[in-house]
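Report on one structure; see the data block that follows.
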Amino acid sequence: MSDANEQQQKIIDHTEGPLVVDAGPGTGKTSTLVKRYIALLERDVKPNDILMVTFTNNAAAELRDRIRDAMSKAGRLDEINSIRTSTFDALCLRMVLGSPDIVSRFFNIDPILSRKARLVDNESLNREHFMLFYSDFIREHGDRYRRDGNDVTALMGGLRTDLYKLINKMMARGMIPFRYDWFMDGESLAKGRMNNIGNVFANLDMKKMRKGVLDLADKDDYAVPAEILNALEKEEDRIPPEIYESLANDDKRFLMLEFVRDVYFAYIERSVRDNRLTFGLTALFAFAVLYTDERTRKLHSVEHMMVDEFQDTNELQMEICLLLLKKPNLCAVGDWKQGIYGFRYVSPDNILNFEEKTRRLMRALNRDRQRIPFEVPEKFSKIPLQENYRSSALVIEKSFRALDAKTAKDDDVARIEDDPNIVMLRSSGDPLRNEHTGFDMIYGESLEDQQRAILDKIKDYVFSGDHKIAEGGGLRDVRYGDIAVLCRNGKFCRSLKELADKEGVHAFLHGDVEIMSTREGKLVLAWLRYVNNASDIKGKTAILADMGASLSYMDSVLGRNGSEGTMPRNLSDQRLTLLRKRRRPNDLITSIFEFYGLSNDITQAITTILSRAYSGSLITISDLIRLIEDDINNETKYNVDALVNPDAVIIQTAHSSKGLEFPIVIVAGLDNRSFPSYKGDSEYLYFDEELGVRCKKEYFSRRDGDVLYERIINSWRDKLIRDVCKKQDRSEERRLLFVAMSRAKQYLCLAAGNDPSTFFKHFGEGDIFEGGGYESGLAYDMRRSQTPKIAQYSKRRKNVSVHELMEAQGAAFAEGIDELSGKGADYGTAVHDAAYLISCGIEPNQEYPELEEIRRILDSLRGAEIRTEIRCALPAGDVTLRGIIDVMAEFDDRIEIHDYKTDENDLNLPLYKLQLSIYAHAAMGARGKRAVCFIDYVSQKKSIEFNPLPMTDIEAAVLNL
DNA sequence: GTAATGGATCTTTTT
DNA sequence: GATCCATTAC
């Protein structure tokens, strides 16, 4: 391990009292943490008294490995098994299951959590559990919330999902309900700080306010009370107190708050009764146990605590940290600039205002008795790490520029040099990185153009020879695996990956996938339905449609055109086989995939998820069906452990790139409204620090004679508050851009489409560094930087179908193409369709003499992964050739490309060789294996095997166009 | 100059 | 259904 730099050493030596480490990207915080750990041991602190907390299992495991390593080097082998590293969640679970009975004491409820309580990590199942509980709650207590001309039950009827989300947010925020009130300051948090922000109203433009109210009064789906309008009439230039009062508080809202609290509390009670934990509940209960029980506190508390990624902690986690300390030795390591998890109710506040928050929380937690056994420390230290060992000076400079990029045209963001919280870094890594570095910007005229420009840029990095990677003190050429493309959203990732496959660029998509919406997921759903109920039309239709059955065929099979209608024999047989496995879902699902010869990362993930759900709380096949349907509806994503090709470009979201580094990074999709994203909170029920718990809808009733009109309408109060009083904070988008850009070690590139965002323009328009005050005194000069010329991707690639290309190859062949065989083109198509059905395991209802040969060919491919009718694309010259491969069989060592021909002679052979060679090159590019071609003359019962023609022949053919 | 209107386009996810 | 921005209206 290399020596620590000056600042790192300060951190290592700082062993007494609270310490915040501002660890920007690439500053070596993990190695500093490891060294600090060893330093503590050398001061005779026992391993049992040092707790290292991280967020992910990976991070915890890595930290543990590195500490072990360092300890064995330091000759401390005897203590190696006492290292305490943990994730927050594992730590909390251990504490809860250690003293489960305390939870009931804290909440004063009858049911008692048992040691066998289970943590359910499937979000769909948890949501479903909540919904079941909620229906029971409404049935029993719904009437309570219909009073005083209000009906919260009706209001919430359509907002159940929002309610579930809100409760989870409140957990993270440390808002805890009791039966009749809230824990600590929960109530004032729920009500919001409206009373303290009178000055917000004082500064409001009365004209704007008046107009806002009057506009809403005119609309059908709002109901502004008459007294508010009257008040507005009277007061000319001052905001009438009635409006102020009505915005801040009103009875309707208070009944809603009561409802939310009661549901929240009853949900906790029910979860305890069902012995069922979620991640949120586990943390909440861990806090409850620590807060209540001195014994548990003593059992788990430590003298030293180091928390990594502290900017990602929420309020509850920070409280748990404080309750776990014997002494004020909390070392919080993180970087507020990388706080990008606001949507999980985390804000960089914990690290930015560490001192103030610690004081406040300690006071609150010790208010009635001393739970934290020390006084609020006098001194809080903050040490920044300023040496960056990852990136070139250029990359660092550009990354920091992200922090003052405007998120909208009129955004007035402070320049980074004016922001006291920003600590500049110097590049201290391999000096070769500063020689071989670059910053580029590219854009295209459309989304696809942008993605093609990205792929071209990748090829340029890899093949032009203009770029070198610094490694082990030397230089080497660029490989695909050095490059990462970081996008704002998953959709962009997926479409880019698709295009990369078509263009033969080796790429690997990292990230969670909506696996239930894939073909594999839908097949399982269809089969489960069909197995569960032999007359399930949806299931049967999906199975047949997947096999490419025609509409008329499906009608006859499903008995829709008057006939009896039976499923094909092999399908009904398969159903019976599966039915016997209905109690063994793992086996059942595996068999479904086997039937299709499917075995890949997606099938793997689906099998695991469904089996796990089954072994948990689900019992029947209909439960599994519901789970899959839920996941499809809710677009639930699951992690898929894909096989990683070490030499492939990594495509992932900017969020998931946190903590990683790559020699070359392309930040993609810097498009207007996309990155930065302008999308606001879509929840109708939400919590906001200032506004408290609010609802965008309200219950409205009007009595007209004997008739009562009831409606759920938009809340004028909420609309006004958000329109007039709230400005939205998009700083997180800047931090996300910062995270993405600072992953790069040497080369950085930004990409946009036809409508670039403010972020993209920030780096492209004019010389933004001119006259700037970059007198930071650091080792590089920012003003030296050039604004790059933006290379536009102008030439749009033309798509050419393989058949067009063949037709263009001269008169000699043209004749043959039009009449594929003596039997005509229609006949050829019919045979192809039948062949497709056979490859899917279905017997076609029409028999052709050629099918015997086709069965023989498919038989000969046993052992290979067979895919049929695949679209493929191959860039050649300045066009992209596209076509459909009849059969592609992938063996371990090779790929076989087959194409059925019904010709009676060999006249078109040279042309077909060209056609299959194109397919072969596309397949070789996509799969990285050699390919062999087979022209299967199924009418003549012979196959011609050959090696694909070289690319030069294909390019020559393109020139003939 | 400012206000009203219309068009385009819309996310992230450890445990 | 919200929200920014460009265009039009005054």
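Naming: A, B, ... by sequence-line order, numbering from 1 per chain. Keep in mind it's a predicted model, so treat the numbers as computed, not measured.
Rounded to an integer number of Å, the gap from CD of A:Gln317 to C1' of B:dT15 is 10 Å. Distance CG (A:Asn672) to C1' (C:dT3): 12 Å, rounded to an integer number of Å. In this structure, the CG atom of A:Asn168 is 18 Å from the P atom of B:dT13, given to the nearest Å. Between the CD1 atom of A:Ile340 and the P atom of B:dT14 there is a distance of 11 Å, given to the nearest Å. Remark: P of B:dT12 and CD of A:Glu733 are 11 Å apart, rounded to the nearest angstrom. In this structure, the CG atom of A:Leu119 is 13 Å from the C1' atom of B:dT14, given to the nearest Å. Summarising the geometry, the separation between CG on A:Leu316 and C1' on B:dT14 is reported as 16 Å, rounded to the nearest angstrom. If you measure from atom CG of A:Asp308 to atom P of B:dT14, you get 17 Å, rounded to the nearest angstrom.
Distances shown here put every side-chain N or O of A:Lys696 at or beyond 4.0 Å from the OP1 or OP2 atom of C:dG1. Remark: A:Arg673 is not in phosphate contact with B:dT11, judged by side-chain N or O atoms under 4.0 Å from OP1 or OP2. Residue A:Thr653 places at least one side-chain N or O under 4.0 Å from the OP1 or OP2 atom of B:dT13. For the OP1/OP2 pair of B:dA8 and a distance below 4.0 Å, the side-chain nitrogens and oxygens of A:Tyr678 include no atom meeting the criterion.
Taking every side-chain heavy atom of A:Asp89 into account, B:dT15 is the closest of C:dG1, B:dT15, C:dC5. When distances are taken from the side chain of A:Ser656 to each of B:dT15, B:dT13, C:dC5, the shortest belongs to B:dT13.
Within 4.0 Å of A:Arg735, counting heavy atoms only, lies no atom of the nucleic acid at all. Among the protein residues, A:Asn58 comes within range of no part of the nucleic acid, since none of its heavy atoms lies under 4.0 Å from any strand. In this structure, A:Lys658 reaches neither bases nor backbone, as no heavy-atom distance under 4.0 Å exists between it and the strands shown. At the heavy-atom level, A:Asn489 lies under 4.0 Å from the strands shown only through sugar-phosphate atoms. Counting non-hydrogen atoms under 4.0 angstrom, A:Tyr638 reaches nothing in the nucleic acid. Residue A:Gly490 is classed as a sugar-phosphate contact, given heavy-atom separations below 4.0 Å to backbone atoms only.
Between A:Phe55 and A:Phe88, the ring planes are tilted. Angles from 30° to 60° get that label.
Every residue two or more places apart in sequence or in another chain was checked for a salt bridge (Lys or Arg N to Asp or Glu O under 4.0 Å) with A:Lys406, and none qualifies.
Between the side chain of A:Asn672 and the backbone N or O of A:Asp755 there is no donor-acceptor pair closer than 3.5 Å.
On a pure distance criterion of 3.5 Å, no polar donor-acceptor pair joins the side chain of A:Arg344 and the base of B:dT12.
If A:Arg730 and A:Lys679 are placed on DNA chain C by their nearest nucleotide, the residue sitting closer to the 5' end is A:Lys679.
Using a cut-off of 4.0 Å between Lys/Arg side-chain N and Asp/Glu carboxylate O, A:Arg494 and A:Glu498 are scored as not salt-bridged. In summary, A:Asp688 and A:Arg694 do not engage in a salt bridge, as defined by a charged side-chain N under 4.0 Å from a carboxylate O.
Rounded to whole Å, the separation between the C1' atoms of B:dT11 and C:dA2 comes to 15 Å.
Note: A:Phe130 and A:Phe133 meet the aromatic proximity criterion, with ring centroids under 6.0 Å apart.
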